[in-house]
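Every chain is numbered from 1 and lettered A, B, ... according to where its sequence line falls, protein lines coming before strand lines.
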Protein chains: 2
Amino acid sequence: MGLKQVQRQTGVALWRQIADRIREAISSGAYDETGMVPPETVLALQFGVNRHTVRSALAALAQEGIVRAVQGRGTLIERKERLNFPITRRTRFTAGIGDQAREMRGLLLDEAKEEASAEIARWLGLKPGEQVIRLETLRQADKRPVSRATSWFPAERFAGIGEAYRAGESITKAFAELGLPDYVRATTEVTAAHASAADMADLELTPGAILLIAKAMNTDLEGVPVQYSISRFAADRVQFTIEN
Amino acid sequence: MGLKQVQRQTGVALWRQIADRIREAISSGAYDETGMVPPETVLALQFGVNRHTVRSALAALAQEGIVRAVQGRGTLIERKERLNFPITRRTRFTAGIGDQAREMRGLLLDEAKEEASAEIARWLGLKPGEQVIRLETLRQADKRPVSRATSWFPAERFAGIGEAYRAGESITKAFAELGLPDYVRATTEVTAAHASAADMADLELTPGAILLIAKAMNTDLEGVPVQYSISRFAADRVQFTIEN
DNA sequence: GACCATTTGTCCGTATGTATG
DNA sequence: TCATACATACGGACAAATGGT
């Protein structure tokens with residue numbers, strides 16, 4: 001253990017590689033016994049780098065609010081949660097969290113009526129060019145940003161969904177408000193990618209950060225598509241679970 | 001579009017950020033019309049950097065075999081596939097690929113008999129310390145590495161599974177060989193993270209590359225756990241699909 | 001209080017990598 | 001290819017804070 005875990009001259013600074021590994025180790029529970037990160041000198045030895053380089057990594061993690069350094073004592077772990085999102089036929093953002101967070105919120109960032117692109121039309125079972133409503137939303141757990149989603153809805157059937165979402169702060173409540181009491185998740189596609197500059201800002205991420213991307217289609221109980229969405233989750237804050 | 005897509009002084013070199021974005025643009029089909037990447041000067045303008053910096057990014061992509069620069073013509077796209085893996089109750093690596101690739105192979109890198117850790121024992125329904133067999137495998141599609149997996153099996157029930165896997169090049173065939181004709185996927189946990197140095201080497205990735213990680217548990221038809229595995233997929237080569 | 005080992009914080013200088021023009 | 005500016009990484013030395021004896 002602890003040999004050549006990081007690589008040089010690859011376009012990714014050593015301190016960033018080390019920060020990513022320590023963040024992973026924290027969220028995987030590697031330091032649960034002490035609640036602290038090992039001393040800088042120990043980490044430097046483990047990663048085969050200078051202590052200064054480790055300090056840069058820890059400074060970045062402190063900036064993210066994950067650790068807090070205390071002179072004379074060590075570097076304490078402040079946060080280590082990773083929210084679990086079950087992906088099932090009844091997937092709901094808020095309910096899925098359950099008791100993992102106290103306060104769940106969905107904020108409406110933007111709303112627009114537009115013509116469906118070929119891809120959106122295909123997913124919603126519309127003809128390209130038909131009107132759809134697009135919602136840009138930000139979801140938070142205990143005031144911490146968790147995901148940025150772009151959702152499309154058939155405009156005719158769900159007129160006013162933006163206002164309903166803003167009021168209820170959830171898709172489920174907005175649907176209910178518009179006369180759709182229940183819906184189901186039909187398909188989900190999962191990929192991963194680097195965060196765009198815009199998503200980095202909204203999700204309070206740093207460059208090099210990873211997104212888990214879920215492209216999802218929901219239907220009503222008759223199987224008619226009601227929503228297509230592309231959700232970008234901060235990968236170090238969540239995991240998906242699929243139960244078969 | 002095209003403004004401030006990359007950030008400075010973040011521990012990730014601009015040329016690497018740009019290489020990552022172009023790689024994703026290619027695999028998402030953004031340049032399908034021409035089959036080429038835009039000219040270096042155009043990219044430099046789009047990303048707001050010097051042409052030298054774009055050249056560094058394209059050189060890295062050429063090194064990966066994704067693009068090929070031709071003097072006087074431009075930079076041609078050599079490869080852009082993204083394999084789809086359905087995650088269902090009957091998830092199988094080889095069959096899941098279907099017609100997306102011609103040749104599917106599973107290579108056995110290492111085999112070991114060891115005592116189950118607390119986590120492995122929990123997943124396999126064993127007592128910690130009971131014997132398990134661990135297989136390290138590399139899966140390829142058309143000779144291109146797709147995923148690195150670490151799998152654990154109850155040692156008593158599946159003695160000799162390493163040899164069976166080496167011969168059949170698939171878990172399904174190895175199970176059949178050992179008298180288990182059928183099995184089902186019980187749960188799958190999906191996360192994303194940066195690649196370790198070892199996975200980078202096996203999957204022919206570059207630093208900063210992203211892994212889609214699937215922790216999966218398979219059972220026999222009676223619901224008895226037969227396999228727990230942690231598979232790391234090159235995120236820019238695959239996507240997962242969940243059908244509900 | 002004094003003393004100690006441990007750990008983080010700060011400063012110096014130097015070499016190399018990254019990015020621009 | 002050259003020159004320039006800044007970020008990254010290293011090595012060493014010492015200061016400051018903490019928790020113990």
Separation of [X] atom [atom1] from [N] atom [atom2], in whole Å?
| X | N | atom1 | atom2 | value |
| --- | --- | --- | --- | --- |
| A:Gln17 | C:dG17 | CD | C1' | 14 Å |
| A:Arg68 | D:dA17 | CZ | P | 16 Å |
| A:Leu43 | C:dT7 | CG | P | 11 Å |
| A:Leu45 | C:dT6 | CG | P | 15 Å |
| A:Gln71 | C:dA5 | CD | C1' | 15 Å |
| B:Leu58 | C:dA19 | CG | P | 14 Å |

Closest listed nucleotide, where the reference is the side chain of [X] and the choices are [options]:
| X | options | answer |
| --- | --- | --- |
| A:Arg51 | C:dG9, D:dC10, C:dT7 | C:dG9 |
| B:Leu14 | D:dT8, D:dA16, C:dT20 | C:dT20 |
| A:Arg55 | D:dA16, C:dT10, C:dA19 | C:dT10 |

Rounded distance (nearest 0.5 Å) linking atom CE of A:Met200 with atom CG of A:Leu211: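 Interatomic distance, A:Met200 CE to A:Leu211 CG, rounded to 0.5 Å: 8.5 Å.
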Contact summary for A:Gly162 and A:Leu135, nearest pair of heavy atoms: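 Of all heavy-atom pairs spanning A:Gly162 and A:Leu135, the closest is CA-CD2, 3.8 Å.
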B:Arg134 side chain vs B:Ser151 backbone, donor-acceptor pair below 3.5 Å: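 Flag not set: sc B:Arg134 to bb B:Ser151 has no pair under 3.5 Å.
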Main-chain N/O of A:Ser231 paired with A:Ser229 side-chain donor or acceptor, under 3.5 Å: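 No.
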Side-chain N,O (B:Asn50) to OP1/OP2 (C:dA19) below 4.0 Å: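 Negative; the distance criterion is not met.
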N or O in side chain of A:Arg73 less than 4.0 angstrom from D:dG19 OP1/OP2: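 A:Arg73 to D:dG19 OP1/OP2: side-chain N or O found under 4.0 Å.
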CD (A:Glu119) with more than 12 external heavy atoms under 6.0 Å: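 Yes, the 6.0 Å shell around CD holds more than 12 heavy atoms from other groups.
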Nearest-nucleotide 5' precedence on DNA chain D, B:His52 against A:Gly72: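 Nearer the 5' end of the strand: B:His52.
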5'-most by nearest nucleotide on DNA chain D - A:Val70 or A:Arg16: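 First, find each residue's nearest nucleotide; the 5'-ward one identifies A:Arg16.
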Sugar-phosphate only, base, or nothing, as touched by A:Thr75 at under 4.0 Å among non-hydrogen atoms: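 The residue A:Thr75 makes sugar-phosphate contact but no base contact.
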